[in-house]
Structure formats: structure tokens, C-alpha cells
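Structure record follows, encoded as C-alpha cells.
Everything numeric in this text was worked out from a predicted model, so none of it was measured. So that the names make sense, note that chain A is the first sequence line, chain B the second, and so on, each numbered from 1.
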Amino acid sequence: MKYQLQHTDPKSNARAGLLHTDHGVIETPIFMPVGTLGSVKGVQLRDLIEQVSAQIILGNTYHLYLRPGLEVLKAAGGLHKFNGFDKPMLTDSGGFQVFSLTGIRKLTEEGCEFRSHIDGSKHIFTPEKVMDIERVIGADIMMAFDECPPGTASYQYAKESMGLTHRWLDRCFKRFNETEPLYGYNQSLFPIVQGCVYPDLRRQSAEFIASKEADGNAIGGLAVGEPAEKMYEMIEVVNEILPGDKPRYLMGVGTPVNILEGIERGVDMFDCVMPTRNGRNGMLFTKDGIINMRNKKWELDFSPIEADGACELDRTYTKAYLRHLFHAKELLAGQIASIHNLAFYLWLAQEARQHIIAGDFASWKAQMVPRLSTRL
RNA sequence: GGGCGAAUUCCAGAGCGGCCAAAUGGGGCAGACUGUAAAUCUGCUGUCUUUCGACUUCGGAGGUUCGAAUCCUUCUUCGCCCA
């Protein structure tokens, strides 16, 4: 994998680049749709490519390990073959599940003992095991196994957690380097910066992560309960240290505004469940603001979902019709909203990229931010 | 023509003398959602009031009672059964 820096914004740390993988080139900044179980919820492959223009999607180690399981994935020849998406993919390690499954998991130095949320069965994830699983899944980018503490964690907890994540990272790299890809193309391992909202911890973590000289680096443990300003501050602290000749991935973020703020601070890759989950729940993101599609005000609005929207389907359906679908609990509602939101997120990243290349990112961003947060 | 049963807040449907503005579900209205245990969850849903609270409701009318959605009389409507 190779990152090629193309342009740097003169007034900020925003940058445009190309990330070359064995499954194709990714234009950065990029938004990566989340497909936890190997499927971007509600979006079929054809729409993912033609309407959304997805360049890379995510899968999740924990979820895919539980279902369909390693036997099936191995027999399929990896996740690309299994789900038919032949562009780049990235797998999250299950570190986020360590965070979100609090209560049915136990953390130790060795790893994390989970109870399956599906059947309650007991499983242990160690850094070594996670690497082995990610090899079987076969994503182009594998994420290190980390602990993601909440944004409200105490300094002491954050410090200990960071230490554990770093020790796990050494074990991840050791195993990663001892093993080979299973399907004939390369895989890269991205380490993850932690440190919660504490600048000195973030710096320390970024130094440690940078020392690994990985193909790309991730910033984790943000947008998990801390104020947005703290998040931006942490991104700045960390990006001063993470190498500029490697892509930077801000994990799990975020709102359209979060993404522009991240890009401005030098982030290249983003992922988030918001466009799909919130879409399924009736929220639409547009360049003019946020729409709660269930609201009564759209009942008789027969204008297109978004007249100048990023995908065909924005002009195919009207707001009144989409509102009707949500009220009738039609499956199609969530599908349309998911495709629309993803197409919008991809458009936003691509637009940011164009403005970075054109050299007017800062002014474009300044006029977009208030628009994007408007409640329609 | 005779007999029996039922009518409850937008709908369905509990309640059967005070703890009832009235369970529960649906519908409606609004909100939340950030590396997906989520096509999920939360709140409100008689009127007025910021709150406390006040007021008007349980087919219509009239009664019994300190007190009625709940008991009685009658009327209306709708079911079912017998002619």
C-alpha cells in the first residue's frame, strides 16, 4: 500500500491524496461506508457503486467472526469474494466492541473475554487472535486491536488503557509480521492512537504509533462522549506528530461538520454509522442541512428529496413520498435514506478534495459549516 | 313483535362505586442516534397553565349516593338469538 500526497491546502492542514491498494486507488479525503456484517445495511452492491460511489467499505472483525464465522469466510476466499465488493475494504478489530459491549466483556492483559451478544457463548479476543481473524477476512486494511475508553474516562484510566493498547499493538505487529495474507494480495495494519481527551497522553500515544512506521495511522477514542471542541483539539495534537506521508484515519467520525473539521486538521479517512443508521431512522443529511423526514412539514412537499443531490435517486423520489414510506414503515424508506446519505457523505469528501486541489478549501468550508448544521 | 348483550378519550380495548383524565396496544406529534448488540430507542398525545393545579369528559336525558365511566330508570344506536 502506498500513499501519494497530491495537494496541501495553503491555509490549513487539509490535504488531498491517493491511497493505492491491491484492490484499487482511493481518493482522499474519503468517507468509508460501514458494513459491519459485510453488508452496508440496506444498500445493495449496485447502488453502493453506482449511486453512492463508494471507494472503500468497512467490515467488523467481531461481528464477522461470530457470523458467518471463519470457516465460511475462509471457504469463500475472503470477504471480497463473499460479498462481491471488489474494491478496497477495511476491517475494524473489535476494539470498539470492547467499548460498546461493556457488561458482557472482561478485560485482561492477555485480551478481552466476550460473551457473544447473539447466543451468550464465551469468546476470547487477544491481539494475536484478532490478527489471525483479520487475515481470514482478508481486508486490505486491518485495524489493530485496541481498547476504546469512553470520552469521560479519568486521566488514570485513560493512561492505563493507553498503555494496554500500546502493549497490545506490539503483539499485533509481531503476529502481523509473522503471518502472510491468505488470498494473494497485500494487507496493511493500521495502529490506533488513544489517550482520551488528555493532550499529553495523546502526544505520547501518537509518538508511539508513529514509531511503528505503519502504512497508515488511525485516531481512535474520539466522538465517544467528549465535547466536539475536545475532539478537534485532540486531532490537532495528534496530527502534529503522525507522519504526513501516511494517511490518517479518524475512526467513527462523524457528522458532516465533524468531517470537514477533521479534513481541515489533516485527516484523510473517515467512517461512521450515522449516514446509514440515522438514515434508517428518518434523518437525511443534505448540503442545506438536516431533515427529519418523518416530520409533518413534509407531508405535502412534492419537491425532490434533493434537487441537486449527489445521486439519481434524490430526483427520483419526492419528500412527501419518502415521508410516507417512513410512516408506513416501508423497508424502502431506510434504503432510500441510506443511499442518499452515503452519496451525500461521499460527495462531501469528494467536494472537499476538489476544493483542496483548487486551493480554496478554507473559504468553501467556512460557508459550508453553517449550512450543514441547519435544521430544515 | 319478543329476549339478551353492547355503547369508554383519534382507533382498538381495559376499567365495573372513591387510588380515573381513565391500563395496554395502535395511530399521531416531536426528539435521540458518531470505529452498528439499533430498519432502534425515548418523550408527549382532553382543555387551560411554566409548575403546582384548575376545568370539562366515558352514547343522550334523568335519578340514587358524601362521591358514578362504574348502580337505577328511560331514550337512541349497534350486534346476536327466538318468532
Using atom P in both nucleotides, what's the gap between B:U51 and B:A22 to the nearest angstrom?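 Between the two P atoms, the distance is 16 Å.
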In whole Å, measure the gap between the C1' atoms of B:C48 and B:U56 for me.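 My reading of the C1' atoms in B:C48 and B:U56 gives 11 Å.
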How close or far is atom [atom2] of [N] from atom [atom1] of [X], stated in whole angstroms?
X	N	atom1	atom2	value
A:Met293	B:G28	CE	P	15 Å
A:Lys297	B:G31	NZ	C1'	14 Å
A:Phe99	B:A37	CZ	P	10 Å
A:Trp298	B:G28	CH2	C1'	19 Å

Near RNA chain B, counting only heavy atoms under 4.0 Å, which residues of residues 225-261 of chain A show up?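 Going residue by residue through residues 225-261 of chain A, the ones with a heavy atom under 4.0 Å of RNA chain B turn out to be A:Met251, A:Gly252, A:Val253, A:Gly254, A:Thr255, A:Asn258.
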Mind running a 4.0 Å heavy-atom check of residues 56-69 of chain A against RNA chain B and sending the residues that fall below it, in number order?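 Residues of residues 56-69 of chain A under 4.0 Å from RNA chain B: A:Leu58, A:Asn60, A:His63.
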Under 3.5 Å on both distances, the Watson-Crick or G-U partner of B:U36: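 Result: none.
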If we call it a pair only when both distances are under 3.5 Å in a Watson-Crick or G-U wobble match, what pairs with B:U70?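 Partner of B:U70: none found under 3.5 Å.
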From B:U34, B:A37, B:G31, nucleotide with atom closest to A:His117 side chain: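 Closest of the options to the side chain of A:His117: B:A37.
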Of the candidate nucleotides B:G35, B:C29, B:G31, which contains the atom at the shortest distance from the side chain of A:Lys296?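 Within the option list, the nearest is B:C29.
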I'd like to know if the side chain of A:Asp271 reaches the main chain of A:Met251, judged simply by a donor and an acceptor atom lying under 3.5 Å from each other, with no hydrogens or angles considered.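 Looks like no, no N/O pair under 3.5 Å.
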Ignoring hydrogens and geometry, is there a side-chain-to-backbone donor-acceptor pair from A:Thr28 to A:Gly17 under 3.5 Å?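 Side chain of A:Thr28 to backbone of A:Gly17, a donor-acceptor pair under 3.5 Å: yes, one is there.
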Can you list every pair that meets side chain to side chain donor-acceptor pair (under 3.5 Å) and has a residue in residues 52-61 of chain A, with sequence neighbours left out?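 Qualifying pairs, neighbours excluded: A:Asn60-A:Gln97.
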Any side-chain heavy atom of A:Ser93 within less than 4.5 Å of one from A:Phe125?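 Not touching, per the 4.5 Å side-chain cut-off.
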Show me the pairs that pass ring pair (Phe, Tyr, Trp, His ring centres under 6.0 Å) and involve residues 267-294 of chain A, at least two apart or across chains.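 Every pair satisfying ring pair (Phe, Tyr, Trp, His ring centres under 6.0 Å) with a residue in residues 267-294 of chain A: A:Phe285-A:Tyr345.
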Any pair with a residue in residues 197-243 of chain A that passes ring pair (Phe, Tyr, Trp, His ring centres under 6.0 Å), sequence neighbours left out, goes on the list, sorted by first then second residue, please.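 The answer is A:Tyr155-A:Tyr198, A:His166-A:Phe208.
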Sugar-phosphate means primed atoms, P, OP1 and OP2; the rest is base. With that split, encode nucleotides 39-45 of chain B 5' to 3' as B, S or - using protein heavy atoms under 4.0 Å. BB-----
Report the C-alpha separation of A:Phe85 and A:His80 in whole Å, then their side-chain angles, then the decisive distance to 0.1 Å, and conclude whether the ring-ring contact (aromatic ring centres under 6.0 Å, His included) test is met. CA-CA 5 Å; A:Phe85 190 77; A:His80 290 87; 7.5 Å; no
Verify the contact: side-chain N or O of A:Gln97 to OP1 or OP2 of B:U36, cut-off strictly under 4.0 Å; return yes or no.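 So the side chain of A:Gln97 is within the cut-off, an N or O lying under 4.0 Å from OP1 or OP2 of B:U36.
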Could a donor-acceptor pair under 3.5 angstrom be found where the side chain of A:Ser100 meets the base of B:U36?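 For A:Ser100, whose side chain was compared with the base of B:U36, there is no donor-acceptor pair (under 3.5 Å).
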Let me know, please, whether A:Gly220 or A:Leu37 comes out on the 5' side of the other along RNA chain B by nearest nucleotide.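 Looking at the nearest nucleotide for each, A:Gly220 comes out on the 5' side.
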